[in-house]
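Owing to the predicted nature of the structure, the values given are computational and were not obtained by experimental measurement. Numbering of ligands and ligand atoms starts at 1, following listing order.
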Amino acid sequence: MTKLNKAFKFRLYPNKEQQGFLAKTFGCVRFVYNKMLEERKETYEKFKDAKEQLKEQKFPTPAKYKDEFPFLKEVDSLALANAQIHLQNAYKNFFEGRAEFPKFKSKKKKQSYTTNMVNSNIKLENGHIKLPKIKKPIKIKQHREIPADHKIKSCTISKTKTGKYYISILTEYEKDIQPVEIRKVVGLDFAMDGLYVESERGEKANYPRYYRQALDKLAKAQRILSRRKKGSARWEKQRLKVANLYEKTANQRRNFLHHKSKELATNYDAVIIEDLDMKGMSQALNFGKSVHDNGWGMFTNFLEYKLKEQGKQLVKIDKWFPSTKKCSCCGKEKEIPLSERVYKCSCGFVLDRDHNSAINVKNEGLRLLA
Ligand SMILES: [Zn+2]
């Protein structure tokens with residue numbers, strides 16, 4: 001039996017009192033996170049040239065602040081413990097080169113906290129969910145059932161900038177997964193505009209037209225917002241409009257990524273991708289935001305679990321593999337400038353540049369699978 005995780009996201013409808021309690025929990029989590037970060041930042045400044053000493057340091061825990069700030073005792077202690085774990089992960093990602101130095105949490109951003117299932121402290125019943133420390137269960141709109149064999153592990157409660165509440169319920173379940181015999185394989189080449197180009201027909205996974213139109217609308221709304229006087233009534237109205245459009249496009253993107261990953265996991269037994277380091281790439285190529293917003297990271301996560309639960313495989317090839325330089329016909333390598341959209345080889349082979357890369361990615365994956 002293999003243990004698998006699956007998250008379910010639903011809309012929450014807390015009443016006034018519950019909203020107040022959630023706001024207090026968001027606030028305490030942010031407070032504790034920022035306090036711990038402040039202390040760790042000081043330690044970092046002191047010892048950053050002596051990495052070994054940095055490891056030796058005792059790091060602050062939420063418990064330490066409870067006497068000085070007794071209001072912390074009134075909220076879910078698991079939420080505070082998770083703030084500590086989130087900070088530890090943020091540091092780990094920073095030290096391992098995957099992220100920037102941890103930032104202070106701001107009241108203006110999306111608010112959230114995570115709590116865990118301990119001794120049935122979380123219960124789903126009659127369209128409501130019982131959460132630790134909150135007396136009355138909160139109304140939940142469950143558009144799909146969580147299967148009976150799924151155990152709830154943790155919940156993340158969030159409030160968006162437009163004031164909507166959501167809960168993401170992380171579950172664990174066991175499944176008897178038999179590895180599938182690998183017959184059908186596809187290679188994907190990451191595409192900056194769109195999502196990927198696949199090896200079989202050279203087709204590009206383009207975001208739908210309505211999504212690209214929504215993005216244009218969002219950009220326009222943001223430009224208008226930047227011209228308004230901050231804090232004015234007109235500014236506030238526009239801020240809400242921007243936040244709404246942002247949430248709408250984020251949902252559209254997510255749905256599209258689910259759709260595409262499902263399609264691939266249904267049609268193929270193995271999918272080969274390059275193990276791209278998005279942060280390094282956006283810095284090196286100076287693409288800035290567009291790489292992050294492209295959704296590649298989210299897409300590969302979806303793809304991985306959708307393949308895994310069927311006994312199929314996601315194969316990641318080395319990020320230094322010369323997929324663009326290589327001729328997928330004869331194997332010779334050459335430099336090809338970004339402006340050249342067609343790969344032409346001295347062996348006579350001519351193909352769309354990205355399609356050629358996708359075939360190379362596939363072939364390298366086949367080599368690793370063999
Ligand atoms: Zn060639």
Worksheet item: Among all residues two or more places apart in sequence or in another chain, which pass the side chain to side chain donor-acceptor pair (under 3.5 Å) test with E263?
Response: K260
Practice prompt. Output all residues satisfying side chain to side chain donor-acceptor pair (under 3.5 Å) with R144, sequence neighbours left out; order by chain, then residue number.
Written response: none
Worksheet item: With a cut-off of under 6.0 Å to the ring centre and 45° to the axis, is R40 in cation-pi contact with Y91?
Response: yes
Worksheet item: Would R341 and D354 satisfy salt bridge (charged side-chain N to carboxylate O under 4.0 Å, His left out), going step by step from the backbone distance to the final call?
Response: CA-CA 8 Å; R341 298 313 305 162; D354 298 331; 2.7 Å; yes
Worksheet entry | By ring pair (Phe, Tyr, Trp, His ring centres under 6.0 Å) - contacts of H258 (at least two apart) | F302
Discussion item. Taking the ring centre of each residue, are F10 and Y166 less than 6.0 Å apart?
Written reply: no
Worksheet item: Protein N/O/S atoms under 2.8 Å from the Zn ion (ligand 1): how many?
Response: 4
